[in-house]
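Everything numeric in this text was worked out from a predicted model, so none of it was measured. In what follows, every chain begins at residue 1, and chains take the letters A, B, ... in the order their sequences are listed.
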Amino acid sequence: MIVRPQQHWFRRLFVWHGSVLSKILFRLSLNIAMSIVAVLCFQWYEHLGVKLTLAPFSLLGVAIAIFLGFRNSVSYARFTEARLLWGSLLIVQRSLLRQIKSLLPQQDEAAREFAALLMAFSYCLKHQLRGTDITADLQRLLPHADLRAIETSTSPCNRLLLMMGQWLGEKRQSAQLSDMLFHSIDQNLNRLSEILGGCERIANTPIPFAYSLIVHRTVYLFCTLLPFALVPDLHYMTPLVSVFISYTFISLDSLAEELEDPFGTAANDLPLNAMCNAIEINLREMNDETDLPPAARPDSHYQLS
Amino acid sequence: MIVRPQQHWFRRLFVWHGSVLSKILFRLSLNIAMSIVAVLCFQWYEHLGVKLTLAPFSLLGVAIAIFLGFRNSVSYARFTEARLLWGSLLIVQRSLLRQIKSLLPQQDEAAREFAALLMAFSYCLKHQLRGTDITADLQRLLPHADLRAIETSTSPCNRLLLMMGQWLGEKRQSAQLSDMLFHSIDQNLNRLSEILGGCERIANTPIPFAYSLIVHRTVYLFCTLLPFALVPDLHYMTPLVSVFISYTFISLDSLAEELEDPFGTAANDLPLNAMCNAIEINLREMNDETDLPPAARPDSHYQLS
Amino acid sequence: MIVRPQQHWFRRLFVWHGSVLSKILFRLSLNIAMSIVAVLCFQWYEHLGVKLTLAPFSLLGVAIAIFLGFRNSVSYARFTEARLLWGSLLIVQRSLLRQIKSLLPQQDEAAREFAALLMAFSYCLKHQLRGTDITADLQRLLPHADLRAIETSTSPCNRLLLMMGQWLGEKRQSAQLSDMLFHSIDQNLNRLSEILGGCERIANTPIPFAYSLIVHRTVYLFCTLLPFALVPDLHYMTPLVSVFISYTFISLDSLAEELEDPFGTAANDLPLNAMCNAIEINLREMNDETDLPPAARPDSHYQLS
Amino acid sequence: MIVRPQQHWFRRLFVWHGSVLSKILFRLSLNIAMSIVAVLCFQWYEHLGVKLTLAPFSLLGVAIAIFLGFRNSVSYARFTEARLLWGSLLIVQRSLLRQIKSLLPQQDEAAREFAALLMAFSYCLKHQLRGTDITADLQRLLPHADLRAIETSTSPCNRLLLMMGQWLGEKRQSAQLSDMLFHSIDQNLNRLSEILGGCERIANTPIPFAYSLIVHRTVYLFCTLLPFALVPDLHYMTPLVSVFISYTFISLDSLAEELEDPFGTAANDLPLNAMCNAIEINLREMNDETDLPPAARPDSHYQLS
Amino acid sequence: MIVRPQQHWFRRLFVWHGSVLSKILFRLSLNIAMSIVAVLCFQWYEHLGVKLTLAPFSLLGVAIAIFLGFRNSVSYARFTEARLLWGSLLIVQRSLLRQIKSLLPQQDEAAREFAALLMAFSYCLKHQLRGTDITADLQRLLPHADLRAIETSTSPCNRLLLMMGQWLGEKRQSAQLSDMLFHSIDQNLNRLSEILGGCERIANTPIPFAYSLIVHRTVYLFCTLLPFALVPDLHYMTPLVSVFISYTFISLDSLAEELEDPFGTAANDLPLNAMCNAIEINLREMNDETDLPPAARPDSHYQLS
């Protein structure tokens, strides 16, 4: 993961934050159109005794900001937890390989076998979370015999964990690992199991639908009615102020929607490809392999996929 | 668990979010009726010197939004914790079976016996939390001898845990598991005990009643008085703005009420049936069984029960 | 713990939430009296050039709502942590007895002895937290020899933990438990020690006094001055609006005060009696005892003590 | 720790909360003086076209309340974490002594030796955090040989931990403790190490200075300018309302400053003396010593030092 | 780390908080210039019917304060977590050395070897996080043989962990450590692995860019338009009030930006140099070395680097 270079505060104001901005540009245009309608028709409908004032919208705006703030922190918490789990994945896989290498010091082949299972696990988790096809990566990493069992499983990652457990069990059976050391390594397998279950939980349990719906709907209705409430005070300035307020609310609602599902492939989602790549480089390097795959590079928008 | 397909932001505005909306539709109608009363009677009661202005309601509205925001985050935390516990249930059960299968590699019968106890535990927990009858599921999974002890217990899940412990104890007594390995597996039983206790805690300890009552009551009184405070400014627009503000507050209060009890069967509650089903498929698959039960499918509203 | 039946949203508005409401009724009456004074004297003191407007109170009201919201979440966190600790007490005690029963399978007498120590621990913790007398419960549960050591101790719960440790130590000395298994059980004793220390911490460390004092005082001063700020706008409606706003602030301040000390015997405090009773039933049932004590039942207000 | 008796809500309003109130009394007087200046000079400077209105201060006041709320919760989190660490200190020290006493049952002398190291650790931690002299307490508790090594160390608490580790290591070397039991006790030494490091972290890392500075400065500037914004509306009532709003903001800012450094000796800081005293009584009592030191008693303001 | 001396509240108002203030001074000057433009041109553009009022800015200001509050707490959480990880680094390294010294009591040379690896790890982590060159520190600490393997690694810290694991593995192979004790020490290596992974996660995963961008941009646009909204009410006082409000918002936005990246070298970032120095002194002192490096001293602004 490569971090975007620090920008001057002024240039930063005009950066194109692609994914979110392009999504909401059309909605903001609608808002401007609505503002112009409000300005043009103001005299006519005020004549009819129809009137909106800013005071109730002020109250509502603050209430919506509070609820939107809550929704934002919930979405961000999902993003953070997902990142934490993938961070732990790297941590636990390094620890597992370190244990194998210090406890079975002369067995380079065994370490490579086990490292292959670990790498397959991380690729498999990525494909499972994104709903993409695992075959290519598995064929690259695992011997043919293991492939079938994984591909036919309803839960390939869990099957891989089971295979790691059985691999350890065989080392114990052949007295290469004592019960104590089996336990020590097995605890890290338990942690892999927690990571797998945690990712599945985030992927399968969205924020309660009614929640995001209520906030989403309230934000849009608020932004639609806002110009009519602003026009009595601001006249020609209505579009400017209205689109500014709408930008604040709609862009945050839209970003919250994006962060809510951190395993997707949108710009602000987690770069699972780069993470799997980093794990592979790390593990291969620990095994003193020399033909490491190249590190993932960000695209021209400093984005990793 | 199947996730609702991502919707276009515009269509999303008009989605029917059944459970919450149908509940509050009547209350919103009452609010509209009250608004119409306010518009019609405004001149008459203003004549009497009775007057409400928006300023104090603005202050109160923001205060209520803050307290409602707190109530929402508390309810959501209960929902999240419940989901976390059921996620851990899947994780721990997979880990337990993985341990059994790597440590007792040739004993397929033992693994099936233990898996049956695990599956019975998850079904039993579901029935205990929802207050439904456990007999059918237990009969399907367990041998007749174990049934009685569980059914007559005041705490069937805990009895199942005790049986798992004794099953492990027997393996230790017969020297199939060393003390070290007993400890390693027993730690995961401790985790099951934590999950059981955690679910019971959420189910048995509602948010302090006075809390939800004060917020509930304040929200409704606020929405009832609001039209009278809006009418001096907004005249004929009062019903529109009043029902919008009321929708924001009442729907969030109502959703908070629903999430507060995450083990129920309302639309936004946890799909315990689907989760038990997923656990069963996972464990059976680890035992290489081939007649897996079909995965749970969502209904036409993308809801799992 | 028995949960209050779900109520219809409308009936819920008129439920009597005893403890908090009765406490603040007098204070709300004072507020109404103050409002009437404000309405009656308004003309006279306005004449003197003394004037209060709503705008500064609006600012102050929102600020107080934010601080009160913080105080609420702090009080609620104490309540939640206390509940969590008592939930863990049940969890750990079940786990301990499960371990004893699987590791010393034929020794029913030993299991009963140990269960008695566990039950005594939970009753003792309750009495220590509430400052009530432990003698009756201890006499019911423990042999006479143990009683004296506990009663003369400055920290009876900790003495009980020490006795459990020594009980385990004897089993180890007599080679009934290996060092490994001693460690496995002793870890759960460590958890009991954490629960004991956690409860003592909550009971002995109130929220910094200045904190609750500042919020308490500010809320009351605000509610006292409010009628004078409302009366220029609202005239005869002042008492209604003033008492409504005061109800929102004072009831939340009052509830926060109650939750702050979760081990008391007020209506919203934790039902420690019922929890000790539940633990006793659970442990006795695990030992296959048949004369279980009756489960605690809520009173007519759905309250457990 | 002795808890302040529950006070009637009305008397509570007039309690003297010494430390905070006395600190800010002078600042509030300044605010009143500024208000009187504002009232007296209002006509004159309004004449010059200089005017402040409440509306921008309303916006600013709410923003400052939000940031102050954040600062408060950060300071309170530091206080809570510090209390948690000292709570864990008591918990872990009890657990350690319990383990020693159950595993080395006949060796009363060894238990006393180890308890002395534990007590020295807690006193030493207190002196290190408060920057006071440790010699007196160490001389009271430890044999002369150990004293020098601790006193000359740059990190006396850590040296004590090392001595405990070596004490355990000797018991292992002389085969009184198996490797398993060494590990079991050593885990609790790791926890002591975490407590020590956690306290050092809180003591050495203040809240980023710019943070408290910005909030502090903004609060004071706000309170200074406030009278000038209030006076056009409130005239003679300006001092009353201005000092009330200032009290709310300044007292919370001031309390946050006090809680930020929980190991000091101000009124709302942690009573480390009383805590060390409680730990000593607990450990001595576990060793069946009879000449326990007297429990710490609060002063006339219910304060422990 | 040396803490800034407590300052009098009044002097504190005028302290120079370098890093943040100097950064934003230019931006505040721009704001003042804009205010002066607004005051001068007010009559002219009001004439054109162009008008801004404070009411919509009030609503927007509160909304932005809420979102900025969220961004602040997210940035602060990153800072806190980073500090926690470096605190744990000290804790775990002390624990590891304590274990080595109690389990291999006569082997001073081994303890020094291991301590050198630990110190190299902390320096290496610092250099990796700050992107500086590790060679000098490694040459000072490690024998020549180890240097190459680390310098050529793509992940030097992880390589060091692997070397520690292999060092332990050799002690186990040569029967100086039993499997149990290997496990006990290895658990602390797992913790080092967690610390390494945690720091990498914070360094590599910024807050979602769209997030900080939206808040940053909204804050600046708000401050730019604010003078035009203030001028109709405040006339000549506009620059004063406008720059005050802007200071509050911009300084917090700017500080949040600084805390977001806690491993940098700005004034409010973590003093990694001083921390590495403290770890080195601690570990050398535990090995009874006498030529300890001098403790890091803060510069004239009480800053450590």
task = Give the member of B:Gly69, B:Ala295, B:Ser73 that has the highest number of heavy-atom pairs under 4.5 Å with chain A.
result = B:Ser73

remark   = Here the ring-ring contact (aromatic ring centres under 6.0 Å, His included) pairs for residues 148-168 of chain A, sequence neighbours left out, are A:Phe114-A:Trp167

A:Tyr211 and A:Phe70 aromatic centres sub-6.0 Å = yes

request  = Specify which of A:Ile64, A:Leu168, A:Leu161 makes the most heavy-atom pairs with chain B at under 4.5 Å.
outcome  = A:Leu161

note = Given B:Met237, B:His235, B:Gln99, B:Glu285, the one with more heavy-atom pairs under 4.5 angstrom with chain A than any other is B:Glu285

ask   = Do B:Asp288 and A:Arg159 sit within salt-bridge range, that is, some charged N less than 4.0 Å from a carboxylate O?
value = yes

query = Can we say A:Glu200 and B:Arg94 salt-bridge, meaning some charged N sits less than 4.0 Å from an Asp/Glu carboxylate O?
reply = yes

key: Residue-level contacts of residues 186-195 of chain A with chain B, using a heavy-atom cutoff under 4.5 Å   = A:Asp186, A:Gln187, A:Leu189, A:Asn190, A:Ser193, A:Glu194

ask   = In terms of heavy-atom pairs under 4.5 Å with chain A, which of B:Thr248, B:Leu90, B:Leu230 leads?
value = B:Thr248

request  = Using side-chain contact (heavy atoms from CB on, under 4.5 Å) as the criterion, point out the one residue from B:Tyr76, B:Trp86, B:Phe79 that pairs with B:Pro262.
outcome  = B:Phe79

key: Residues in salt bridge (charged side-chain N to carboxylate O under 4.0 Å, His left out) contact with B:Glu81, at least two apart in sequence or another chain   = B:Arg201

Most chain B-contacting option - heavy-atom pairs closer than 4.5 Å, from A:Leu162, A:Ile66, A:Val62 = A:Leu162

query = What residues form a ring-ring contact (aromatic ring centres under 6.0 Å, His included) with A:Phe228, not counting sequence neighbours?
reply = A:Tyr45

